[in-house]
Amino acid sequence: MASYRGTLIVLEGVGRAGNTTQGHWLVTALCSSGHRAKMLRFPERSTETSKLLNSYLEKKTELEDHSVHLFFSANRWEQVPLIKAKLNQGVNLVLNRYAFSGVAFTSVKENISLNWCKQSDVGLPKPDLILFLQLQLLDAAARGEFGLERYETGTLQEQVPLCFQQLMKGENLNWKVVDGSRSIEDVHEEVRVLSKDAIHSDAQSPLEELWK
Ligand code: NYM
Ligand code: MG
């Protein structure tokens, strides 16, 4: 039905929490139960800004901390026309990371406040549901070595969740914390049920703006 918009679902989490797998499983489950659904990931690694972000994440280049934060944010704004168009067509979107990762990964850096980090993402399409896949550091370590990219270190993986906790407080956002230490199937089941609930309750409410 044309007046029904798609639901905007975000998957957040720290390294090895399984966001990507859960995103794929969720899209598959939604599609096989008659919904339209698509996954987008941030950083989106195929646009102009992403060349710069890829080489930064691969530690091939250095960028000033504020500057790289704004590029991550620009990489999201680039996708806003697509996000709005898809939602208007009734497609449910599953975003693998979003502004919350942007804020969390920058605000652990020295001398950059959480509040400064949020500003460049104010006004992005506001998610209807944010699923935070929680994983303790020990469980993450048990899933194997971290990768070789920037930020994939134990210290960062300890600090970043604290920033996510900050972001969960006090804002008018629909966060759900999901225990990511369980099997893929168990996590998927919870993610699927929470997402379906959101799809049913948000289909007719207008899309809002983040942190505004
Ligand atoms: N990351 C991701 C940021 O630092 N800022 C952002 O705005 C976003 C969206 O990129 N370690 C970091 C978090 C991850 C890294 O993500 C790449 P992934 O999910 O490993 O491709
Ligand atoms: Mg990674």
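Counting convention: from 1, in listed order, for ligands and their atoms alike. We're numbering straight along the sequence, starting at 1.
- Among Phe72, Phe42, Tyr98, the residue whose heavy atom lies closest to atom 1 (N) of ligand 1 is Phe72.
- Looking at Ser46 and Glu44, their side chains do bring a donor and an acceptor atom within 3.5 Å of each other.
- The main-chain N or O of Tyr56 is found under 3.5 Å from a side-chain atom of Arg150 such that the two form a donor-acceptor pair.
- Proximity of His69 to ligand 1, defined as any heavy-atom pair under 4.0 Å, is not found for any part of the residue.
- Taking the six-membered ring where the residue is Trp, Trp116 and His69 present tilted rings, their angle falling between 30° and 60°.
- By heavy-atom distance, the residue among Arg45, Arg41, Arg97, Arg150 lying nearest atom 17 (C) of ligand 1 is Arg45.
- Numbered from 1 in the order shown, with element, the atoms of ligand 1 that lie under 4.0 Å from a heavy atom of Gly102 read 5 (N), 6 (C), 7 (O).
- The cluster map of Ile, Leu, Val, Met, Phe, Trp and Tyr, joined by side-chain heavy atoms under 4.5 Å apart, puts Phe132 and Leu8 in the same cluster.
- Within ligand 1, the atoms closer than 4.0 Å to a non-hydrogen atom of Arg76 are 6 (C), 7 (O), 9 (C), numbered from 1 in the order shown.
- In the hydrophobic clustering of this structure, Trp175 groups with Phe42; members are Ile, Leu, Val, Met, Phe, Trp, Tyr whose side-chain heavy atoms approach within less than 4.5 Å, directly or through other members.
- At a 4.0 Å heavy-atom cut-off, ligand 1 touches Leu57 through the side chain alone.
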